[in-house]
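Notes for the one structure printed next.
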Amino acid sequence: MAAVTSAETNPQPRVYFQTPPGTDESEIPVRKQGRVTVKYDRKELRKRLNLEEWIVDQLTDLYDCEEEAIPELEIDVDELLDMPSDKERASRVKDLLVDCYKPTDDFVSELLEKVRGMQKLNTPPKKGELTP
């Protein structure tokens, strides 16, 4: 409930927020934080973020430009994780980098090394859903 002071006692009106009468302070729900880290493992999110930052840094070096000037290409880590072999992953990344004039072999091999052992960031099933 809000209480407003009158203009006669104070030239500036003020609003005060109070707990409604008859409500115990302990009954007020506390907002939970970190919804994303509940759905996904915080460690995996951190690994993914670090990998994506590394990819951007490497692409700026390969294309010899600022981050904003990197050609439109998307290296989808989940797509790479879906592929059955490193050979297919390497082929996919090399196809994406076809217009890069610098050698890409070192980047591709480092990327595959970093991707190895990562988990896909699938949306976990909602309560009551069955997993396949």
Side-chain angles (χ1 to χ4, degrees):
M1 179 182 294
V4 179
T5 59
S6 69
E8 299 160 1
T9 60
N10 190 349
Q12 297 270 338
R14 290 187 158 197
V15 177
Y16 298 93
F17 293 96
Q18 303 168 348
T19 306
T23 305
D24 184 11
E25 297 263 342
S26 64
E27 293 176 12
I28 299 172
V30 177
R31 186 178 141 197
K32 294 181 181 179
Q33 295 183 0
R35 291 180 59 121
V36 170
T37 56
V38 170
K39 284 187 171 185
Y40 303 105
D41 179 24
R42 181 183 298 263
K43 188 176 178 181
E44 283 299 317
L45 286 173
R46 173 59 51 200
K47 283 172 62 176
R48 182 64 63 101
L49 179 62
N50 290 340
L51 176 63
E52 290 179 4
E53 289 172 349
W54 178 84
I55 289 171
V56 169
D57 288 343
Q58 295 299 308
L59 291 176
T60 56
D61 288 345
L62 283 173
Y63 284 94
D64 209 16
C65 63
E66 296 296 319
E67 181 178 338
E68 297 79 27
I70 296 172
E72 273 301 307
L73 68 101
E74 182 179 339
I75 298 175
D76 185 346
V77 176
D78 287 329
E79 176 187 0
L80 296 177
L81 290 171
D82 279 339
M83 294 179 175
S85 71
D86 277 353
K87 189 174 183 176
E88 290 178 67
R89 292 181 187 111
S91 176
R92 174 67 179 139
V93 174
K94 286 179 183 182
D95 287 346
L96 292 171
L97 301 173
V98 73
D99 62 344
C100 183
Y101 65 90
K102 288 186 176 180
T104 59
D105 290 339
D106 289 343
F107 168 73
V108 172
S109 61
E110 282 186 63
L111 175 62
L112 296 181
E113 185 64 36
K114 290 179 180 292
V115 167
R116 199 171 291 120
M118 290 187 81
Q119 297 174 9
K120 284 184 62 174
L121 290 182
N122 290 333
T123 305
K126 294 181 179 173
K127 292 180 182 174
E129 286 185 4
L130 298 174
T131 57

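Since we're looking at a predicted model, the values are computed, not measured. Hydrogens, waters and symmetry mates are skipped; everything else that's a heavy atom, side chains included, is used.
- Considering only heavy atoms from C-beta on, N50 comes within 4.5 Å of E53 through its side chain.
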message: I'd like to know whether L45 forms a side-chain contact (heavy atoms from CB on, under 4.5 Å) with L49, so could you lay out the CA-CA distance, the side-chain angles of the two residues, the decisive distance to 0.1 Å, and finally the verdict.
response: CA-CA 6 Å; L45 286 173; L49 179 62; over 6 Å; no
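- Side-chain contact between D86 and V115 is absent, with no heavy atoms from C-beta onward closer than 4.5 Å.
- Atom CD1 of I75 sits about 5.5 Å away from atom CG of L97, to the nearest 0.5 Å.
- At least one donor-acceptor pair closer than 3.5 Å links the side chain of R89 to the backbone N or O of M83.
- The CD atom of E88 lies 11.0 Å from the CD atom of E79; values are rounded to the nearest 0.5 Å.
- The shortest heavy-atom contact between L96 and Y63 is O-OH, 4.2 Å.
- Here CZ of R116 is found 12.0 Å from CG of L80. Values are rounded to the nearest 0.5 Å.
- For the pair S91 (side chain) and K87 (backbone), a donor-acceptor distance under 3.5 Å is absent.
- Rounding to the nearest 0.5 Å places CG of L111 at 5.5 Å from CH2 of W54.
- Considering all non-hydrogen atoms of both residues, L62 and K102 come closest at O-CD, 3.3 Å.
- No side-chain heavy atom of L51 sits under 4.5 Å from any side-chain heavy atom of K47.
- For R46, the CZ atom is loosely surrounded, since the number of other residues' heavy atoms within 6.0 Å does not exceed 12.
- Within the 4.5 Å cutoff, the side chain of D106 has no heavy atoms near those of the Q58 side chain.
- A heavy-atom distance below 4.5 Å is not found between the side chains of F107 and D61.
- K114 places no side-chain N or O within donor-acceptor distance of the main-chain N or O of I55, the cut-off being under 3.5 Å.
- Among all heavy-atom pairs drawn from A90 and L112, the shortest one is CB-CD1, 3.7 Å.
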